[in-house]
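Contents: one structure, followed by commentary.
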Amino acid sequence: MAIELKRVDEFAVVTFNRPDALNALSFSLIRDLGAKLDEVAASDARGLLLIGAGEKAFCAGADIKELRDRPLLDQKRGAELGQQTFAKLDRLPMPSVAVINGYAFGGGLEVALACTFRIAARTAKMGLPEIKLGLIPGYGGTQRLPRVVGPARALEMILTGKTIAAEEAERIGLVSRLIDGDALQAGIAFAREFSGYSLPVLSLAREAILRGLDTTLDDGLRIEADLSTLSFQTKDAEEGMAAFAEKRKPKFEDR
Ligand code: DAK
């Protein structure tokens with residue numbers, strides 16, 4: 001299968017598994033990814049890690065060989081398929097981490113941008129090179145990249161199609177941190193920094209940030225007031241505050 005889903009301890013792990021094509025995203029692979037994300041959403045995993053098979057690539061983008069000579073309407077449907085599939089990552093009940101273990105170009109970087117977090121091997125290289133093919137990004141890159149790195153850097157990356165090294169990606173906030181050693185193990189160690197907290201409360205925090213990015217400061221603050229009030233209604237908030245008062249470690253139960 002071009003997409004593998006496995007469980008490692010408390011985490012779901014999705015592997016892009018077409019190493020001979022640097023894990024390029026064929027349309028069938030994107031459909032398969034969508035089905036696997038539905039499985040993850042219905043599971044009790046406390047986080048999702050995405051990684052590429054092989055030594056070289058996280059994912060080298062859309063399968064260029066498949067994109068040629070298609071009717072325009074199919075291209076539009078293709079963009080919508082990619083966008084809708086990657087949008088599932090935003091709606092997962094658990095945070096997701098793109099473990100960028102090599103090249104992440106085009107659609108490969110776009111899938112990483114749809115994850116909650118991105119971390120990268122020091123040797124990783126990233127970019128949105130669509131312009132070099134006479135195209136522009138179609139799987140969310142023009143919208144998510146400026147939200148992550150700001151419009152000036154997004155314009156530069158998308159209009160020049162340049163490749164950036166992992167260190168620059170960290171400097172501009174495209175990835176949160178650089179990792180050493182086994183990439184999956186490093187991803188799991190990173191995910192353990194949030195996976196002990198309440199999943200519904202983690203979701204409220206993600207929702208407040210993502211919805212706030214799409215609106216004015218005033219509306220965003222209203223969203224925050226509503227969602228932070230909602231967090232008080234969880235059993236986990238009761239538990240967290242009781243544990244503080246009793247000087248013990250909280251035991252969150254996702255309620
Ligand atoms: N698609 C298909 N095959 C790919 C591929 C890709 N994106 N990337 C690599 N491969 C294949 C190569 O063709 C080669 O296969 P063989 O020739 O051996 O059969 C094999 O993987 C190994 O690649 P290389 O020999 O090129 O490996 P190198 O280490 O020399 O170079 C590289 C690595 C990542 C620098 C190079 O492979 C490369 O430049 N790859 C292409 C990167 C890229 O341009 N990605 C696509 C960006 S565009 C849409 C709108 C927009 C889009 C999609 C849909 N709609 C409106 C529907 C845009 C999508 C994009 O992602």
Side-chain angles (χ1 to χ4, degrees), residues 1-4 14-37 50-90 96 98-115 118 120-149 153-169 174-175 178 183:
M1 287 286 259
I3 293 285
E4 268 178 16
V14 158
T15 305
F16 298 104
N17 189 24
R18 279 185 81 198
D20 292 349
L22 302 185
N23 305 319
L25 301 167
S26 63
F27 289 115
S28 87
L29 183 151
I30 293 175
R31 276 188 210 97
D32 201 13
L33 174 64
K36 294 290 192 285
L37 292 177
L50 293 93
I51 194 165
E55 299 298 307
K56 283 176 78 172
F58 173 73
C59 170
D63 188 324
I64 301 169
K65 294 164 192 168
E66 208 187 54
L67 281 180
R68 299 178 64 191
D69 299 326
R70 283 158 32 95
L72 266 191
L73 212 55
D74 285 1
Q75 301 293 27
K76 178 132 189 292
R77 289 198 186 107
E80 287 163 357
L81 172 72
Q83 290 178 357
Q84 286 159 12
T85 304
F86 295 0
K88 288 184 184 200
L89 285 158
D90 280 340
S96 51
V99 182
I100 303 176
N101 58 316
Y103 298 124
F105 288 127
L109 184 57
E110 289 172 299
V111 76
L113 282 164
C115 290
R118 286 156 296 289
R122 288 178 192 278
T123 51
K125 296 207 182 321
M126 286 155 249
L128 292 178
E130 285 84 348
I131 205 82
K132 297 178 183 171
L133 300 169
L135 300 171
I136 75 165
Y139 296 157
T142 65
Q143 303 307 303
R144 288 198 178 90
L145 184 64
R147 283 169 166 79
V148 172
V149 302
R153 288 189 165 115
L155 279 162
E156 188 183 335
M157 282 181 68
I158 292 172
L159 272 61
T160 68
K162 73 175 189 175
T163 296
I164 65 171
E167 271 183 18
E168 183 177 356
L174 178 53
V175 305
L178 302 183

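Along the sequence shown, residues are numbered consecutively beginning with 1. Indexing begins at 1, ligand by ligand and atom by atom, following the structure's order. These figures come from a predicted structure and were not determined experimentally.
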Just jot down the ligand 1 atoms closer than 4.0 angstrom to any heavy atom of [X], in number order.
X: G61; answer: 61 (O)
X: G107; answer: 60 (C), 61 (O)
X: L133; answer: 48 (S)
X: Y139; answer: 53 (C), 54 (C)
X: I136; answer: 51 (C)

Starting from [atom], locate the nearest protein heavy atom and write down its residue, its atom name and how far away it is, to 0.1 Å.
atom: atom 48 (S) of ligand 1; answer: E130 CG, 3.4 Å
atom: atom 55 (N) of ligand 1; answer: Q75 O, 3.7 Å
atom: atom 14 (C) of ligand 1; answer: D20 O, 4.3 Å
atom: atom 11 (C) of ligand 1; answer: A21 CA, 3.9 Å
atom: atom 27 (O) of ligand 1; answer: K56 NZ, 3.6 Å
atom: atom 35 (C) of ligand 1; answer: F105 CE1, 4.2 Å
atom: atom 2 (C) of ligand 1; answer: D63 OD1, 3.4 Å
atom: atom 23 (O) of ligand 1; answer: L22 CD1, 3.6 Å

remark   = Min over Q83, R18, K65, K76 of heavy-atom distance to atom 3 (N) of ligand 1 lands on K65
query = Under 6.0 Å from the CD atom of E167, do we count more than 12 heavy atoms belonging to anything else shown?
reply = no
request  = Can you establish whether the number of heavy atoms outside K132 located under 6.0 Å from its atom NZ is more than 12?
outcome  =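 Correct, the count exceeds 12.
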Ligand 1-proximal atoms of [X], by part, heavy-atom distance under 4.0 Å:
X: P129; result: side chain
X: L128; result: neither
X: A24; result: side chain

request  = Return yes when L81 approaches ligand 1 closer than 4.0 angstrom through a heavy atom, no otherwise.
outcome  = no
inquiry  = Looking at ligand 1, would R77 count as a contact under a 4.0 Å heavy-atom criterion?
reply    = no
task = Go through the steps for L113 and F86 under the test side-chain contact (heavy atoms from CB on, under 4.5 Å), then give the verdict.
result = CA-CA 9 Å; L113 282 164; F86 295 0; over 6 Å; no
Do [X] side-chain atoms and [Y] backbone N/O form a donor-acceptor pair below 3.5 Å?
X: N101; Y: G52; answer: yes
X: R147; Y: Q143; answer: yes
X: N23; Y: A57; answer: yes
X: R118; Y: A98; answer: no
X: Q75; Y: L67; answer: yes
X: E4; Y: V14; answer: no
X: Q83; Y: G138; answer: yes
X: T160; Y: K162; answer: yes

ask   = Quick check, are the ring centers of Y103 and F58 under 6.0 angstrom apart?
value =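 No, too far apart.
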Can you check whether a protein heavy atom sits less than 4.0 angstrom from [atom]?
atom: atom 21 (O) of ligand 1; answer: yes
atom: atom 37 (O) of ligand 1; answer: yes
atom: atom 40 (N) of ligand 1; answer: no

Please check whether [X] reaches ligand 1 - meaning an N/O of the residue sits under 3.5 Å from an N/O of the ligand, judged on distance alone.
X: A60; answer: yes
X: R70; answer: no
X: A62; answer: yes
X: I64; answer: yes
X: L135; answer: no

task = Show the numbers, then the answer: is there a salt bridge (Lys or Arg N to Asp or Glu O under 4.0 Å) between E110 and R144?
result = CA-CA 8 Å; E110 289 172 299; R144 288 198 178 90; over 6 Å; no
ask   = Mind checking whether L89 and L50 have side chains closer than 4.5 Å, heavy atoms only?
value =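 Yes; the side chains approach each other to less than 4.5 Å.
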message = I'd like to know whether L145 forms a side-chain contact (heavy atoms from CB on, under 4.5 Å) with L174, so could you lay out the CA-CA distance, the side-chain angles of the two residues, the decisive distance to 0.1 Å, and finally the verdict.
response = CA-CA 8 Å; L145 184 64; L174 178 53; 3.8 Å; yes
key: Identified side-chain contact (heavy atoms from CB on, under 4.5 Å) partner of M1 from the options T15, N17, D32   =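 Among T15, N17, D32, the one meeting side-chain contact (heavy atoms from CB on, under 4.5 Å) with M1 is D32.
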